[in-house]
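Note that these values count all heavy atoms, side chains included, but never hydrogens, waters or copies made by symmetry. Not measured: the values here are computed from a predicted model.
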Amino acid sequence: MSAAAASNAYNPTESMKPVNPLVREVRPKVTLVVRMAASVGNYDYILDWEFQTDGLIRAKVGLSGILMVKSTKYENVDQISSTDELHGTLLAENTVGIIHDHYLTFYLDMDIDGIDNSFVQVKMAKQTVKNGPTPRKSFWKAEKHIARTEKDAQIKLSLYQPSEFHVINPSKKTNIGNPVGYKLVPGATAASLLDHDDPPQLRAAFTNNQIWVTPYNRSEEWAGGQYVYQSKGDDTLAVWSDRNRPIENKDIVLWYTLGFHHLPCQEDYPIMPTVSSSFDLKPTNFFERNPIMRTAPFYEKDLPMCAAPAE
């Protein structure tokens with residue numbers, strides 16, 4: 001575990017004319033990082049859980065290690081015809097780096113201020129305006145949809161159909177009446193390109209969606225089932241979710257799959273630089289106000305000063 005100052009968590013600037021032209025106050029952003037590194041075959045996976053003073057939790061995954069390669073007769077790309085299927089990139093003489101995917105599915109037993117929670121998809125929808133009082137032609141609004149059963153929470157991410165994904169406790173509310181919650185904020189990710197009935201995809205059916213929600217079941221812990229290599233796809237997250245059990249105001253588990261498509265390049269060989277992606281769990285009406293306000297501000301005397309050494 002480590003703690004490190006990163007950046008400003010709170011940096012308001014106010015104009016106080018005519019008494020004082022500018023008032024600026026800063027809160028330090030301090031992050032506690034819990035790290036695990038796992039060597040799986042030829043890859044090294046670095047998993048960080050970052051806990052921030054504003055209540056945000058960030059899960060970050062870094063991939064490094066030794067690239068999987070295969071031999072080839074080619075020594076230069078000029079020798080490769082357009083009909084040759086290398087399924088990879090020529091990285092060195094007689095060496096091809098193979099294209100492949102990585103998927104990490106996170107099991108998130110949220111328990112927001114209690115066991116009984118609900119999953120809410122907040123869709124951002126465009127609304128067209130005709131003959132309105134202003135020149136505006138459109139705007140967008142937020143539409144909340146509470147998932148009643150598991151199939152309501154099988155979600156494929158889409159840039160052009162944006163949503164927020166909240167886990168709330170309907171029975172616990174803030175002073176002004178909002179249910180307390182946290183939201184999942186996806187980062188860069190990837191979806192499988194394989195056919196759903198392809199044997200590898202049957203085993204990895206948990207990648208068919210990026211988000212799933214299931215009722216808590218002690219036997220449903222691993223998204224690929226207990227015996228992945230021997231699986232025919234009959235014991236995966238996709239199979240459990242298709243039972244379509246009730247999930248509203250229940251003890252629920254949020255599943256999120258973070259993915260990488262890896263098309264190797266010469267900079268990946270022979271040892272790969274680390275490539276990273278992440279997602280956030282961000283408080284959403286969990287606090288009465290910005291929790292950073294409770295931390296002590298930094299003043300000029302608190303800041304490190306750089307000066308030339310005395311002669």
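Defined by atom type and a distance below 3.5 Å, a donor-acceptor pair is missing between the side-chain atoms of Q266 and T89. Remark: the Y227 side chain and the D235 side chain contain no N/O donor-acceptor pair separated by less than 3.5 Å.
Both L104 and V213 are part of a single hydrophobic cluster, where members link through side-chain heavy atoms under 4.5 Å apart. With hydrophobic clusters built from ILVMFWY side chains whose heavy atoms lie under 4.5 angstrom apart, V69 does not share a cluster with I271. Residues L237 and M110 do not share a hydrophobic cluster, defined by chaining ILVMFWY side chains whose heavy atoms lie under 4.5 Å apart. Clustering ILVMFWY residues whenever any of their side-chain heavy atoms sit less than 4.5 angstrom apart, transitively, puts V61 in the very cluster that holds Y256.
Shown here for G97 and L67, the closest heavy-atom pair between the two residues is CA-CD2, 3.9 Å. Of all the heavy atoms in W240 and E221, the pair that sits closest is CH2-N, 4.1 Å. Pairing each heavy atom of D116 with each of P170, the nearest pair is O-CD, 3.9 Å. The nearest pair of heavy atoms linking D54 to F287 is O-CE1, 4.2 Å. Looking at every heavy atom in both residues, I146 comes nearest to S118 through CG2-CB, 4.4 Å. Minimum interatomic distance between I247 and P215 (heavy atoms only, all atoms of both residues): CG2-CD, 3.7 Å.
Not a single donor-acceptor pair under 3.5 Å links the side chain of D84 to the backbone N or O of L86. With D198 contributing its side chain and D195 its backbone, the two residues share no donor-acceptor pair below 3.5 Å. A side-chain donor-acceptor contact under 3.5 Å links T95 to the backbone of E93. Of the possible polar contacts, none joining the N209 side chain to the I211 backbone as a donor-acceptor pair under 3.5 Å is found. The closest donor-acceptor contact from the side chain of T284 to the backbone of K282 lies under 3.5 Å.
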* To do: Check the pair M272, Y43 against side-chain contact (heavy atoms from CB on, under 4.5 Å), reporting the backbone distance first and the verdict last.
  => CA-CA 9 Å; M272 291 178 292; Y43 262 88; 3.3 Å; yes
* To do: Show the numbers, then the answer: is there a side-chain contact (heavy atoms from CB on, under 4.5 Å) between Y216 and D109?
  => CA-CA 8 Å; Y216 174 80; D109 189 1; 4.0 Å; yes
* Going through the checks in order, is the side-chain contact (heavy atoms from CB on, under 4.5 Å) test met by N117 and I168? -> CA-CA 6 Å; N117 290 177; I168 65 168; over 6 Å; no
* Please assess I252 against T214 for the test side-chain contact (heavy atoms from CB on, under 4.5 Å), listing each intermediate value before the final yes or no. => CA-CA 6 Å; I252 57 176; T214 60; over 6 Å; no
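Take H261 and apply the ring-ring contact (aromatic ring centres under 6.0 Å, His included) test, not counting sequence neighbours, and it matches no residue. With sequence neighbours excluded, the residues that form a ring-ring contact (aromatic ring centres under 6.0 Å, His included) with Y107 are W255.
With contacts defined as side-chain heavy-atom distances shorter than 4.5 Å, the pair D44/T274 does not qualify. Looking at P179 and K172, their side chains never come closer than 4.5 Å, going by heavy atoms from C-beta outward. A heavy-atom distance below 4.5 Å is found between the side chains of F106 and F279. F165 places a side-chain heavy atom less than 4.5 Å from the side chain of L157. Side-chain contact between P270 and I66 is absent, with no heavy-atom pair separated by less than 4.5 Å. Between L263 and I99, some side-chain heavy-atom pair lies under the 4.5 Å cut-off. In this structure, the side chains of L258 and S277 come closer than 4.5 Å at one or more pairs of heavy atoms. With contacts defined as side-chain heavy-atom distances shorter than 4.5 Å, the pair N94/E75 qualifies.
If you run side chain to side chain contact (heavy atoms under 4.5 Å, CB included) between L281 and each of L56, V167, I57, only I57 comes through.
Remark: aromatic rings of H100 and F260 are distant, center separation not under 6.0 Å. In this structure, the ring of Y103 has its center no less than 6.0 angstrom from the ring center of F206. Aromatic pair H166/F286: centroids not less than 6.0 angstrom apart.
The distance from the CH2 atom of W212 to the OG1 atom of T105 is 9.5 Å, given to the nearest 0.5 Å. Here S276 contributes atom OG and L47 contributes atom CG; the two are 10.0 Å apart, rounded to the nearest 0.5 Å. Taking OH of Y45 as the start and CE of M36 as the end, the distance is 11.0 Å to the nearest 0.5 Å. Separating the CD1 atom in I176 from the CG atom in N285 is a distance of 7.0 Å, to the nearest 0.5 Å. Distance check, rounded to the nearest 0.5 Å: CD of E288 to CG of N178 gives 9.0 Å. Residue T31 holds its OG1 atom at 6.0 Å from CD of E50, rounded to the nearest 0.5 Å.
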Residues 121-134 side chain polar contacts: donor-acceptor under 3.5 Å, at least two apart:
from, atom 1, to, atom 2, distance (Å)
Q121, NE2, S163, OG, 3.1
Q127, OE1, K141, NZ, 3.0
T134, OG1, R136, N, 3.2

In residues 180-190, what donor-acceptor pairs under 3.5 Å come from side-chain atoms, sequence neighbours left out?
from, atom 1, to, atom 2, distance (Å)
Y182, OH, G55, O, 2.7
K183, NZ, E164, OE1, 3.4
K183, NZ, E164, OE2, 2.9
T189, OG1, T257, O, 3.4
T189, OG1, G259, N, 2.8

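Other residues, nucleotides and ligands contribute over 12 non-hydrogen atoms within 6.0 Å of the CH2 atom of W49.
Applying the side-chain hydrogen bond (donor to acceptor under 3.5 Å, both in side chains) rule to pairs touching residues 143-154 yields R148-E248, T149-N244, E150-R245, Q154-S241, Q154-D242, sequence neighbours excluded. Sorted by first then second residue, the side-chain hydrogen bond (donor to acceptor under 3.5 Å, both in side chains) pairs that include residues 58-70, not counting sequence neighbours, are R58-D280.
A salt bridge links R243 with E220; the closest basic N to acidic carboxylate O contact falls under 4.0 Å.
In this structure, H102 and H262 have tilted ring planes: the angle between them lies in the 30° to 60° band.
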